[in-house]
Number of protein chains: 2
Amino acid sequence: MQRSIATVSLSGTLPEKLEAIAAAGFDGVEIFENDLLYYDGSPREIRQMCADLGIAITLFQPFRDFEGCRRDRLARNLERAERKFDLMQELGTDLVLVCSNASADSVGDEQILVDDLRLLAERAGARGLRIGYEALAWGRHVNTYQQVWNIVRQADHPSLGVLLDSFHTLSLKGDPSAIAEIPGEKIFFVQMADAPILAMDVLEWSRHFRCFPGQGEFDLPGFLAPIIKSGYTGPLSLEIFNDGFRAAPPRANAADGLRSLLYLEEKTRQRLAEEAPSTGNADILFATPPASEYNGIEFLEFAVDDNLGAKLSHWLERLGFVKAGQHRSKNVSLLRQGDINLILNTEPYSFAHSFFEAHGPSLCATAVRVKNSASALERAVAYKGQPYRGLVGPNELELAAVRAPDGSLIYLVDQEADVYGTDFNLQPGAVIGAGLKRIDHMAMALPADSLDSWVLFYKSLLDFEADDEVVLPDPYGLVKSRALRSRCSSIRLPLNISENRNTAISHALSSYRGSGVHHIAFDCDDIFAQVSRAKEAGVPLLDIPLNYYDDLAARFDFDDEFLSELAYFNVLYDRDAQGGELFHVYTEPFEGRFFFEIIQRKNGYAGYGAANVAVRLAAMAKSRSGGLRHAKL
Amino acid sequence: MQRSIATVSLSGTLPEKLEAIAAAGFDGVEIFENDLLYYDGSPREIRQMCADLGIAITLFQPFRDFEGCRRDRLARNLERAERKFDLMQELGTDLVLVCSNASADSVGDEQILVDDLRLLAERAGARGLRIGYEALAWGRHVNTYQQVWNIVRQADHPSLGVLLDSFHTLSLKGDPSAIAEIPGEKIFFVQMADAPILAMDVLEWSRHFRCFPGQGEFDLPGFLAPIIKSGYTGPLSLEIFNDGFRAAPPRANAADGLRSLLYLEEKTRQRLAEEAPSTGNADILFATPPASEYNGIEFLEFAVDDNLGAKLSHWLERLGFVKAGQHRSKNVSLLRQGDINLILNTEPYSFAHSFFEAHGPSLCATAVRVKNSASALERAVAYKGQPYRGLVGPNELELAAVRAPDGSLIYLVDQEADVYGTDFNLQPGAVIGAGLKRIDHMAMALPADSLDSWVLFYKSLLDFEADDEVVLPDPYGLVKSRALRSRCSSIRLPLNISENRNTAISHALSSYRGSGVHHIAFDCDDIFAQVSRAKEAGVPLLDIPLNYYDDLAARFDFDDEFLSELAYFNVLYDRDAQGGELFHVYTEPFEGRFFFEIIQRKNGYAGYGAANVAVRLAAMAKSRSGGLRHAKL
């Protein structure tokens, strides 16, 4: 498909936007009128700039409040249109978006609307230009694509066609299926926008909260599928009004935009294949190897130096990890417990070392187990992921890898691969099976404006799913969390952001100089046994106020002895509506950086203990500010 | 009145909140349960802390989902209540907020609700505690104060009373007038919250967008007046759920909260006086001298050093200003034109100098003309404004002054005062009457989270009015603007914020190291004559793209000659719905700091040219990035 984006979707001056659009790999651009008005160069110069960059101007937009205008204004409005037609010819584009009249004094008489638009189409047609007529969700009389098609059909002019915008239909809960019945050649243009479902004024929603496909909650494959069925082969364009995008770096944002279109095309292709295997022209849609099946996390690799490596190793040993191997030729060691493999990398002149230099002690790589690493990498690259090839020494296993948005690595490891045997001298007698069994989840701290970009990355390259956003109070602001999951939930990745500068998330970010993992949760079968052992071994646990346990007593029917045990071990508790239970405990941070969580899920509890995040954040704020510890029980 | 605030309204740990509340001068505090749960100290310790700070615990809140709960849960819920009553007795507060049941499975049978609440009141009464029953706007069956009063009346228990919250009534467009008919002693507590009018889900609106009285759009005097008429004499408390407040410095925010209550009391007192001069107990409300009448700006004082003072003086002279006087003993000069007086202060060891040291070249004082400076100052101080007394030399006039939120001074000058004769050697022959007549407005750049605080400052201390917020696009993000006006509009002060770091507003802020005036608009009668003179004198004007004028041609019926003139002089144009017209032109910034605007209003145009702000911001962005100038016409 021809992929396009409206200039209004990006931040910057017009040349900055056009350069970003070309660099991302779009084929075309919609010129939003204001971007042109505010630019200190002629339309011809813009035309040349686009030609030099290799992008077509797919659309000029918008032309407002035309059809059904007050009769005494019609002549003046036609004159206004002719001036814009002049401009379009200078720009070198043949299509203009005319959106349905939203003014209070416009008339709704269908014949007048038909006649006005036919008149405009004749004027346009005389110059070889075309009109795409769009229903605004807040149009005074016309606000559905069905009305638009009805009017376009009656006007019956070759220069007048339908312009579709997913937001205007889906925001009003419209059913897009009848689009399939419009002849494809009468659809002149398609704009795609996603959005979170918000109960608010539709105009405000549209102007501030749109987002790229896959970042919101609309069923966009359900909108695009009937368009493909209609036989439409024109541009697929993004028109995104978003307050954050208006300030985001345009190059990275444009790259996300292109990725979002590819993702939408893949999902639409799947939808069409489910409906009827041989639907129309589905082959014009992006195709890529399907996502892998996942089987959890193979290993995590930490970037540290010698000093911190020894400290972290000691920390982990107190948590029950055992030194299970040493790299044959590098300063890299392996710690193991249950199904958990942790690699501490202190090798100089390595990727880990440069990551350590940039971010301090941090997680520099995550290896996920996949069914087929070659096809997983192919998919990631098709989605514009950046593959990584490190230096591979003799007798070292080469692993497929792609860069995460923070520059860390995601290794794609075949699940049968012998990952450690080649590179490591393994400790034959090491007792591996202690109480922590597997990595339950890893939580990331991200800059506030990058959440959508991360969600799209994981959804497209790795085919992860995203849970709904949860908003949680920190004593110094709000924290927002959105969890990503592999489809079988064997990998879980809550992403956390905060717009306020003194929250735990913002502290984690400034300490990392960038985004990074800020806590890792290990699963176990007996929380009290594990915490008791950790406590004895000297693992510093996060102190939870007694008042929290008084409230648990009011909320749940616990006996005093059990409550005392929870409080003694600083164990937090949650219960979901289905009776699933969560027990979890947090450590203090390692070197003020990441911390660990020990977790036990019962009866299918699927969440992350959101009910307890506020008390944890308050305890962490107190711990940051070096508050006095009170003796417990 | 007893003035109170809920802990949830402020950021920080519980001790930080309590200290801020006491420091602001509140009499009491509502303890929001979560603040207690997350605090690592016992309820008795909190009680002692409040006693030491001299604030009463006016309320414990909330107790949820009690009345009409599923019958099999009633006993368990009563047990839960008893545990919370224990807690209240340790805290030393006798009143708990019970909000109407919001759970889907609660029952609405009125007799059950009455019986449940009577039962709870009996349990509470047995311990000398009281229940305040509140209607949540999203309560499942009970969501109006009328229903609450009906139930409380039927339950007829001395320990059960009505709890009122302005948000829950006004968000549902409820009529508060019937509150006057509830016996005052049956109203146990009153919570006040303002909010912007938003078309969104009421629960989300309530949890994230409340603000202090005077910062939003609710008619709060209309809510408080019937409460006063009822004979209520209990606490007036602020319960503000606001995302920004959760991260704002608690001391400054608590001070704003107290100021907002005083403002609400003054406005309510006025409302009651209008209705019936001798209403009930209106005397318990805050009283202060009424606001002054204003007659424009007397002078503006700039803090500069010798070098920049000379440069600015030269700049202003090119704009038609004349050196009209020199201070008798200080390095301070006066420039004049029409009714505009500008003071350039380069005196070392002065307030201006310390302001210059902190902020660079900037506006350090604004003198407003008032009818009675003594009463204006008294009012400002009653509203907790910080009065300023500078060093006054021999033969110098002493002016009343109060600090603005950015630390600059607002002089309150009697309109008949001879402000300059005492301090200055005036130039007898100076020709004063050139083309610029008066200061039309001064625009400020503020940190994004301080807008509400400034609005409240001007509304309360100076009795200004605030226009609605306008959102405007900068190429690198959004800018929000809210204009303040003295009641006769002789002083206008648009306040601008931006949450994005590369916008013009954010650049102004970082260049000022704090908030500050970023442009000053001068009024004239003939824009073309003034701009022509300025251009000739070498004033650098902000270059406006020709495309802007092409669009003007499409929108308005101008002849080509007039359009060419507008374009040649870089004059922007706007027309309002009533036919009012605005012509305005901007200079480039002085030393990258503030810039000037020349403005002509016709036919009662009252705005600030919002339609042209985007093109101005784009031109400024281009100018900042040092883009090439294109030859014009």
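Quick note on labels: first sequence line is chain A, next is B, and so on, each numbered from 1.
Heavy-atom distances place both the backbone and the side chain of Ala553(B) under 4.5 Å from chain A. For chain B, the nearby parts of Asp557(A) are the backbone and the side chain; heavy atoms of each come within less than 4.5 Å. For a residue to count as touching a neighbouring chain, one of its non-hydrogen atoms must lie under 4.5 Å from one of that chain's; by this rule Arg76(A) touches chain B with the side chain only. With a 4.5 angstrom heavy-atom cutoff, Glu33(B) touches chain A only via side-chain atoms. With a 4.5 angstrom heavy-atom cutoff, Phe556(B) touches chain A only via backbone atoms. Residue Asp86(B) does not touch chain A at all, counting heavy-atom pairs closer than 4.5 Å.
In this structure, the separation between CG on Asp550(A) and OG on Ser42(B) is 10.0 Å, given to the nearest 0.5 Å. Annotation: the span from Tyr38(B) atom OH to Asp474(A) atom CG amounts to 11.0 Å, rounded to 0.5 Å. The structure places OH of Tyr39(B) at 9.5 Å from CG of Asn547(A), a figure rounded to the nearest 0.5 Å.
For Ser103(B), the side chain to side chain contact (heavy atoms under 4.5 Å, CB included) criterion is met by Asp65(B), Asn101(B), Asp105(B), Ser106(B), not counting sequence neighbours. By the side chain to side chain contact (heavy atoms under 4.5 Å, CB included) test, Pro473(A) is found to be paired with Leu478(A), Ala614(A), Arg246(B), residues two or more places apart in sequence or in another chain being considered. The side chain to side chain contact (heavy atoms under 4.5 Å, CB included) search around Asp449(B) returns Pro447(B), not counting sequence neighbours.
Interface check for chain B: of the options Arg207(A), Arg501(A), Glu499(A), Arg555(A), the most heavy-atom pairs under 4.5 Å are formed by Arg555(A). Of the listed residues (Asn500(A), Asn502(A), Leu36(A)), the greatest number of heavy-atom pairs within a distance under 4.5 Å of chain B belongs to Leu36(A). If you tally non-hydrogen atom pairs under 4.5 Å between each of Ala199(B), Ala248(B), Pro250(B) and chain A, the highest count goes to Ala199(B). When each of Ala618(A), Gly244(A), Ala554(A) is checked for heavy-atom pairs under 4.5 Å with chain B, Ala554(A) comes out on top.
In terms of heavy-atom proximity, Gly477(A) sits nearest to Ala247(B) at CA-CB, 4.1 Å.
The neighbour count for Arg47(A) CZ, taken as heavy atoms of other residues, nucleotides or ligands under 6.0 Å away, is above 12.
Residues Val615(A) and Leu37(B) fail the side-chain proximity criterion, which asks for heavy atoms closer than 4.5 Å. No side-chain heavy atom of Leu198(B) sits less than 4.5 Å from a side-chain heavy atom of Met200(A).
A salt bridge is defined here as a Lys NZ or Arg NE, NH1 or NH2 lying under 4.0 Å from an Asp or Glu carboxylate O, and Arg83(A) with Asp551(B) fails to meet this definition.
Residues of residues 8-17 of chain B having a heavy atom under 4.5 Å from any heavy atom of chain A, listed by number: Ser11(B), Gly12(B), Thr13(B), Glu16(B).
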